[in-house]
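All heavy atoms count here, side chains included; hydrogens, waters and symmetry mates do not.
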Amino acid sequence: MTTPIFLFSLLSAIFTVGQSIVKPGSILTPTTNSSWPSPSGLYAFGFYKQGNGFAVGVFLAGIPQKTVVWTANRDNPPVSAEATLNFTSDGRLVLQSAQGAETSVANFSSASSASMLDTGNFVVYNSTNNTIWESFQNPTDTLLPTQRLFYDDVLDSSVSESNQSTGRFRAIMQQDGYLALYPLGTPYLIEYGYWSEGIKAPQFNATLNLDDDGHLFLANASGIVTISGAGNSTKGSVYRLRMDDDGFLRLYSYNLVQNGIWSIIWSPAIDKCEPKGLCGLNAFCEDDGKDFHCTCLPGFAFIDESKRSLGCERNFTTESCKGGINTMKEVPNTMWENVTYSLPLLLPTKEECRNACLQDCNCEAAFFKDGACSKQRLPLRFGRRKQTDSNIALIKVDTSTPSTAKIVPKERKKEVRVDILIISISLVGFAFIVLAISGIAIYRSRLCGKPKGAS
């Protein structure tokens, strides 16, 4: 009968703000006393396993699938098992390496206490019990129930499920009242965004909200716009909104009673290639209805076959316009970021566009669509194939080498250079020996021979 009693206690505590006080002088280590739990045990703050080491963050500890929802210093390398997390006597939270180097975990000082709440919020207080820092105000890739995104707040995707470092995509609550998705590092402009939902509001007035029952909505003083309706009203589930590594914003639920798996209950109704940059540079994305696939441009190969999202690089070398680059290959029905270095040319055919690029040493690719030719430099990015798009990408390729010739793999290039060096040194040495022998022979002939007419 212990299991039902535990579940009842857990479910009762989850939806009330519990509090467990952590005082200065407290220490955590990755292998013993590794976290500070919330009162119900559902959430915890402390060390979790990442790669070959450990990171510090907030995670769901009360379910079999330990799920990270916030990470400190997410782009720092993992620490070893000898590291310690110290809540110092002067009220700082620092990560100390085995060598003694210190890194601040959060931007606060002179704290008097901290608490891991049952909401998933890690909160730090001063001597008058006022909040001076909280994880809810500094999100990484996840929004939890009762947490809100205010204007300019962002959720940045992680690299992967197992690597919480900053990834490639961003969700931002914009000042204009729109929640929008972008590739990380791009301007907040329509041509770079790939999904949005908005509410009419004065600037700086809208927030993104997630309720305990899974209701996801935008709100301002005049009303709300629902993004996803409420879920389980019995409060037997927990929810989280996550900016995933493939560029999709997804709302998940987990049934605490059944101990199942995280289920997706909402995500934007866009195809899998819509997030720009999924396949990296010099590659384009194709959606087959079930999944997406990455394809390199002609004359390019994947940087890493096992990680195709890293993009592609040329599998031959070029020397500007000197020899070899005398043709272009087509990649039809593809969309790209159009960053031309010159004014588009009005040319009636793709053949004329091709010739214009071939005659220009700065041109490495060209886009042809509806009589307009845009010259491009590499790399190309944000590529995707869409059958309804008539754009044709023309890519310069090397035809100086017969098609049967093999390209030297990258890992063998150094060996080939060493072999050539050895052969060169050997030839020079051989030539030196031959010259030396010839010199000796000439010297001996002069020494032993007699000039004509000598007595």
*Basic-acidic side-chain contact under 4.0 Å: Lys276, Glu337*: no

*Applying side chain to side chain donor-acceptor pair (under 3.5 Å), name anything that partners Gln65, two or more places apart in sequence or on another chain.*
none

*side chain to side chain donor-acceptor pair (under 3.5 Å) with Thr32: which residues, sequence neighbours excluded?*
Thr29

*Could you tell me whether the side chain of Arg242 and the main chain of Asp141 form a donor-acceptor pair under 3.5 Å?*
no

*Heavy-atom check, side chain of Tyr125 versus side chain of Asn130, under 4.5 Å*: no

*asked:* Between Leu181 and Met243, is the side-chain contact (heavy atoms from CB on, under 4.5 Å) condition met? List the steps.
replied: CA-CA 9 Å; Leu181 308 184; Met243 188 65 200; 4.0 Å; yes

*Are any side-chain N or O atoms of Asp212 and backbone N or O atoms of Thr146, one a donor and one an acceptor, separated by less than 3.5 Å?*
no

*Have Asn86 and Thr88 got a donor and an acceptor in their side chains that come within less than 3.5 Å?*
no

*asked:* Any side-chain to backbone donor/acceptor pair from Asn220 onto Asn205? Under 3.5 Å, distance only.
replied: no

_Nearest 0.5 Å, please: how far is NZ in Lys386 from CD in Glu286?_
14.0 Å

*Exercise: do Asp152 and Gln175 side chains pair donor with acceptor under 3.5 Å*: yes

_Selection residues 100-114 - residue pairs positive for side chain to side chain donor-acceptor pair (under 3.5 Å), sequence neighbours left out_ = none

*At what distance, to the nearest 0.5 angstrom, does CD1 of Ile227 lie from CG of Leu249?*
8.0 Å

_Tell me yes or no: SG of Cys373 and SG of Cys357, less than 2.5 Å apart?_
no

*Shortest non-hydrogen contact from Asp246 to Leu278?*
O-CD2, 3.4 Å

*Side-chain donor-acceptor pair under 3.5 Å between Arg74 and Ser158, yes or no?*
yes

*Calculate, to the nearest 0.5 Å, the distance between atoms CD1 and CG belonging to Ile199 and Leu179 respectively.*
12.0 Å

*Can Phe108 and Asn126 be said to form a side-chain contact (heavy atoms from CB on, under 4.5 Å), step by step?*
CA-CA 10 Å; Phe108 64 83; Asn126 62 14; over 6 Å; no

*asked:* Can a side-chain donor-acceptor contact be found between His215 and Ser228 if the only test is distance below 3.5 angstrom?
replied: no

*Which residue pairs pass the disulfide (SG to SG under 2.5 Å) test with at least one member in residues 237-280, sequence neighbours excluded?*
Cys273-Cys285, Cys279-Cys294

_Within 6.0 Å of CG in Leu189, more than 12 heavy atoms from elsewhere_ = yes

*asked:* Can you give me the closest heavy-atom contact between Ser157 and Asp244, atom names plus distance?
replied: CB-O, 3.3 Å

*asked:* Whether the side chain of Asn333 engages the backbone of Asp389 through a donor-acceptor N/O pair (distance < 3.5 Å, no angle test) should be reported.
replied: yes

*Tell me whether the guanidinium CZ or amine NZ of Lys66 lies under 6.0 angstrom from the six-membered ring centre of Phe59 and within 45° of its axis.*
yes

_I'd like to check the side chain to side chain donor-acceptor pair (under 3.5 Å) partners of Asp271; sequence neighbours left out, ordered by chain and number._
Arg384

*Steps toward side chain to side chain donor-acceptor pair (under 3.5 Å) verdict (Thr334, Trp336)*: CA-CA 7 Å; Thr334 50; Trp336 304 84; 2.9 Å; yes

*Between Asn338 and Glu191, is any side-chain donor less than 3.5 angstrom from a side-chain acceptor?*
no

*Any chance you could lay out the side-chain contact (heavy atoms from CB on, under 4.5 Å) test for Glu134 and Val124, step after step, and finish with the verdict?*
CA-CA 6 Å; Glu134 57 183 301; Val124 182; over 6 Å; no

*Taking the side chain as every heavy atom from C-beta outward, state whether Val238 and Arg240 have any pair of such atoms under 4.5 Å apart.*
no

_Tell me whether the rings of Phe47 and Phe54 are parallel (<30°), tilted (30 to 60°) or perpendicular (>60°)._
perpendicular

*asked:* Take a 6.0 Å sphere around NZ of Lys307 and say whether it holds more than 12 heavy atoms from other residues, nucleotides or ligands.
replied: no

*Check for a donor-acceptor pair, side chain of Ser135 on one end and backbone N or O of Phe122 on the other, with a separation under 3.5 Å.*
yes

*Describe, in one word, how the ring planes of Tyr192 and Phe382 are oriented to each other, choosing from parallel (under 30°), tilted (30 to 60°) and perpendicular (over 60°).*
perpendicular

*Do other residues, nucleotides or ligands put more than 12 heavy atoms under 6.0 Å from Asn52 CG?*
no

*asked:* When you measure from the side chain of Thr349 to the backbone of Glu352, do you find a donor-acceptor pair of N or O atoms at a distance under 3.5 Å?
replied: yes

*Taking everything shown except Gln258 itself, do over 12 heavy atoms lie less than 6.0 Å from its CD?*
no

*Report yes or no: do Thr119 and Asn121 form a side-chain donor-acceptor pair below 3.5 Å?*
no

_side chain to side chain donor-acceptor pair (under 3.5 Å) evaluation trace for Thr166 with Asp156_ = CA-CA 6 Å; Thr166 305; Asp156 286 342; 5.4 Å; no

*Any donor and acceptor pair, going by atom type alone, linking the side chain of Ser34 with main-chain N or O of Thr31 inside 3.5 Å?*
no

*Could you tell me the separation between the CG atom of Leu28 and the OG atom of Ser35, rounded to the nearest 0.5 Å?*
7.0 Å

*Quick one: sort the Trp36 and Phe87 rings into parallel, tilted or perpendicular, breaks at 30° and 60°.*
tilted

_The single option from Thr67, Thr140, Val69, Thr71 passing side-chain contact (heavy atoms from CB on, under 4.5 Å) against Val58_ = Val69

_Pairwise distance CD(Glu161) to CG(Asn163) - rounded to 0.5 angstrom_ = 11.0 Å

_Backbone N/O of Asn138 and side chain of Trp70: donor-acceptor pair under 3.5 Å_ = yes

*Set of side-chain contact (heavy atoms from CB on, under 4.5 Å) partners for Gln174, sequence neighbours left out*: Ile172, Asp176, Tyr178, Ala180, Tyr182, Tyr188

_Main-chain N/O of Pro332 paired with Arg385 side-chain donor or acceptor, under 3.5 Å_ = yes

*Kindly determine whether Ile395 and Val331 satisfy side-chain contact (heavy atoms from CB on, under 4.5 Å), including the steps that lead there.*
CA-CA 8 Å; Ile395 314 298; Val331 184; 4.2 Å; yes

*Rounded to the nearest 0.5 Å, what separation is found between the OG atom of Ser38 and the CG atom of Leu60?*
9.0 Å

*Candidates Lys375, Arg314, Arg377 - the one meeting salt bridge (Lys or Arg N to Asp or Glu O under 4.0 Å) with Glu364*: Arg314

*Hey, which of Val339, Asn391, Thr340 is the one that makes side-chain contact (heavy atoms from CB on, under 4.5 Å) with Ser374?*
Thr340

*Are any non-hydrogen side-chain atoms of Leu155 and Leu143 less than 4.5 angstrom apart?*
yes

*If we ignore angles and hydrogens, is there a donor and acceptor under 3.5 Å between the side chains of Asp245 and Ser160?*
no

*asked:* Just checking Ile261: does its CD1 atom have more than 12 heavy atoms from other residues, nucleotides or ligands closer to it than 6.0 angstrom?
replied: no

